[in-house]
Amino acid sequence: MHLSRGLFSHQYGLKVKKKGILINTFLISLAKSGLEPLETTKAVEHILENCPNLDFQGLMTIGQYDYDITKGPNPDFLCLIKCRQEVCEKLNLDIKDVELSMGMSSDFAHAIELGATTVRVGSTIFGARPPKNS
């Protein structure tokens with residue numbers, strides 16, 4: 001679990017930062033960043049108990065690019081929904097207080113249908129990002 005920024009903020013008394021935790025919900029790709037779903041509750045619990053300068057807001061994922069919703073709901077979104085449910089049940093949090101950040105320009109409508117409280121639509125507004133330099 002990588003929480004160094006939060007621990008740094010706590011140690012030096014910096015401002016409270018509102019943060020979500022990125023969950024790697026990809027069933028196929030392990031190349032993405034984020035916690036494994038099974039680590040989610042432990043990470044949230046750690047933040048709530050040990051990081052007073054972090055204000056836990058919710059969970060986020062980036063769903064499989066170009067997922068075909070005719071095959072059913074995006075499994076990455078369903079995984080994040082399940083993670084939130086487990087976190088709320090195990091840590092006695094109100095589900096309304098834990099945001100779900102999922103969905104981007106290409107799939108935000110589907111994410112909203114599944115309960116997303118935050119979507120990222122930057123490429124629709126600003127255009128596609130330039131390729132990263134290798």
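All of these numbers come straight from a predicted model, not from anything done at the bench.
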Would you give me the side-chain donor-acceptor pairs under 3.5 Å for residues 78-86, sequence neighbours excluded?
residue	atom	partner	partner atom	Å
Arg84	NH1	Val98	O	3.0
Gln85	NE2	Glu89	OE2	2.6

Identify all side-chain donor-acceptor contacts of residues 102-109 below 3.5 Å with residues at least two apart in sequence or on another chain.
residue	atom	partner	partner atom	Å
Ser105	OG	Val121	O	3.4
Ser105	OG	Ser123	OG	3.0
Ser105	OG	Thr124	N	3.1
Ser105	OG	Thr124	OG1	2.8
Asp107	OD1	Met104	N	2.6

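Asp97 contributes atom CG, which lies 10.0 Å from atom CZ of Phe56 (distance to the nearest 0.5 angstrom). The distance from atom CD1 of Ile47 to atom CG of Asn53, rounded to the nearest 0.5 Å, is 12.5 Å. For the atom pair CG of Leu91 and CD of Glu49, the computed distance is 8.0 Å after rounding to the nearest 0.5 Å.
The minimum heavy-atom distance between Pro37 and Thr40, with the atom names listed, is O-OG1, 2.8 Å. The two residues Leu100 and Gly115 make their nearest non-hydrogen contact at CD1-O, 3.9 Å. Between Ile112 and Val119, the shortest heavy-atom contact is CG1-CG1, 4.0 Å. The minimum heavy-atom distance linking Asn74 with Gly63 is given by the pair ND2-CA, 4.2 Å.
Looking at residues two or more places apart in sequence or on another chain, you find a side-chain contact (heavy atoms from CB on, under 4.5 Å) between Ile69 and Tyr67, His110.
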